[in-house]
Visitor: 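The structure under discussion is supplied below as structure tokens; questions concerning it will follow.
A note on names: the letters A, B, ... follow the listed sequences, proteins ahead of strands, and every chain is numbered from 1.
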Amino acid sequence: MTNVSEAAKRSVQTRADDDGFMLSGGLYVPSNYFRAQSDTDVAPYGYRGRDKMLREVWRQSGATVVASAIAVMVQKVQATRFIIEGPERTTSKAQKLVDESDLGNGWDSEVAKEVTDFLTTDNGIVREILGGGDPTGPLDGPILGIAHMDSARCERTGDLDYPIIYYDVNGGIHKMHRTRVVFRADLPSPDEKLLGRGFCALSRCIAEVQYAINWARARNEMLDDMPPLSFMAVNNIKKESFQKQVDEYERDREAERQKVMRAVMMFFSNDSGKPVSIDITPVRQLWESFKESESFSVIVDIVAMAFGLDRQELAPLATSAMGSGQQSGVLDRKSKGKGIGAVYSTLEHMWRPIMPKSCKFYFDYQDDDEDRRKAEIRQLKANIVVSLYSSSASASSVTTGVDAQSPLAGLLGAGTGAAPEPLITRDEARELLVREGVVPDDIINPQIGDEPTVQLDDLAPEQTDMQRKMYGLRVKRLSDGKIIQLEIVPKMPSLHTKSTNRVPIDPITPDEIAAARKRLLDLGISLEVERANS
Amino acid sequence: MPTRDDVQRFLTNASNRMRIPIEAYYNAVERYGADSMQGRVAQSLAKTALERTLRQLHTEAGLLGAGGSLDDGARGVLNDIISTDLYYADNFADSLPKLSRAQALARSQMYLPTQLSTVNEIASLNVPTLPIYPQDERLICGHFCKCTLRIVYLFGQGNFNIYWDINPTAEHCDDCIRLAATWRPLKIRDGEIVQVKAISDADLRHIKALLAIALPEAA
């Protein structure tokens, strides 16, 4: 029994109870169905079917901004390099798991589906772990692969052993054992009844998405040659006469093969003294002082906020008045690690129960700007340490501005006219450089680098040295196939190489070999090489 | 790759042959004295005999490991092994007057693990570098390891199954027991090590219990 199961037995919470699982999926279901009034309606949070509706909404015409936000996030993750770190042979197998994910479609396909689910469904990502054993029971044997599962077809049960029920396309129902499924949602709810259901980015801006769709429809209606959705009052003409004239008009159009309304439609009144008039009152119309550019900007800001993106990733700044380059840079830094960082962190976390214990999967998502900033900070720190150590004229830059009357003056030698003595020794300077992260510690203290750091599966921890030799040295495998060795290749000692104590001898002759062969055969020793039959 | 019985037969024969020059020296010393002319001649003869015996034994060990034929690479390795071992053998021969017969005989037997190492080393020349070999100093038993490698050649290039064989009638360290349990076999495919057997601590305890039963009571 795992530690989680053992700990759960001691919990007083309902969700830790192993007497059975909640078939309702733990959802608030005051009624079985939410009846949508339009194609942009979405069931309230916690209702069954909400995720399916969310999926349909963001793909509709008009939801351009949110569709772009989702595409930006997905493509960013697809383009980000990942690294698998661990013993060489084990990482080779782990790499295979990643490359063959999503039933062989590959990592790009898997990550696109998972990130889309993370952003657009409250249930979040559900990933199936493929392996031996009864598919309805625990995993038995090594993990053979992973595959994305349709989150909208998965329900959370609240059961620790079977946390997910999957409804397949053909109507079958499958209980998923906890060793065969990994799932994560964005912003999991603390409400116990919701069983960790999340509140995805799309949910956070659904009102703006619906608004954008309706606005796009209204704009399109204004631009096409059909009358807008409206009330029409026809005066001084009877309904039958009106309909008859409309039918006649349609026939004329058909005869002329006019697909688009070109000819003007004419109505004739039955009474020449009373002219026909038509009053149209549009139902859907924008409010006074509506400005499209401002409205668009608001939508972009809200969607960017919900997704944790910089707004410039969705739309460039319209005018300079909306922010200088520097402000944008600050905004850029603040947005980093929010939306996209949460996605990376979630995907990394989901690999932990799947990867071998000795391996680590992570994204290499520090960009050049981030690296440059870190290098600048390290350079600054290095300059300070060098100034403290150096006794050259440039060291006086440390003492510049120090008042001769200040208590520090004597310490720093300021105002004395003499060259200041170094404040720290060489060893202290090296130690400072290590502490500030300017120089790695295994360069300053090489013996630290000899510590074995490999922890492998199945074998006892005290066997780390042998494990390393058996499974290969620690490496970093990059997503582009490159391998970076993390440990120095040890020499494999053997009798004939480890000792330099030798005496000169004559080489072995064929006669000696023949004589040796004869002696062995006389002893009854077989000299056949053992070969397998298959 | 020789069977365990073949290796045991070779080692038994080697043990006897290593004793012969030592016995001959001490027989001469007992008769004439260590400082006599005959004693010094006997020492010189013992040194020559030791060199010749070691050269022969290592050549046989190499043949045993190589399956009957030694290519140029294997011969080069064998020459290195012999030249190293003869350095220690010369020192041994020079120190004979200071040792008792029993001490010298015991020391002569210490060359047997080296010959076993030669069998393994020559045998594994054709396979990719293994993580560890018998008699490796990183093992708990180190140079005194009595284990052997059994290499099964499979069809195709670079395909082998390697077994770490322990002698059930001798004591073995925990490293060797674990290796014997996990290299069942160590699979090499296309020149790369692809698999060893995973075992639990319970399996190891069971194996140790079986080995304890198999050991002679005198050990």
Visitor: With a 4.5 angstrom heavy-atom cut-off, which part of B:N159 approaches chain A: side chain, backbone, both or neither?
Guide: neither
Visitor: Please state whether the side chain, the backbone, both or neither of B:N79 comes within less than 4.5 Å of a heavy atom of chain A.
Guide: both
Visitor: Tell me the residues of residues 41-56 of chain B whose non-hydrogen atoms fall below 4.5 Å from those of chain A, in number order.
Guide: B:R55, B:Q56
Visitor: For chain B, which residues from residues 505-524 of chain A have at least one heavy atom closer than 4.5 Å to it?
Guide: A:I505, A:D506, A:P507, A:I508, A:P510, A:E512, A:I513, A:A516, A:R517, A:R519, A:L520, A:L523, A:G524
Visitor: Contact part of B:L86 toward chain A, heavy-atom cut-off under 4.5 Å: side chain, backbone, both or neither?
Guide: both
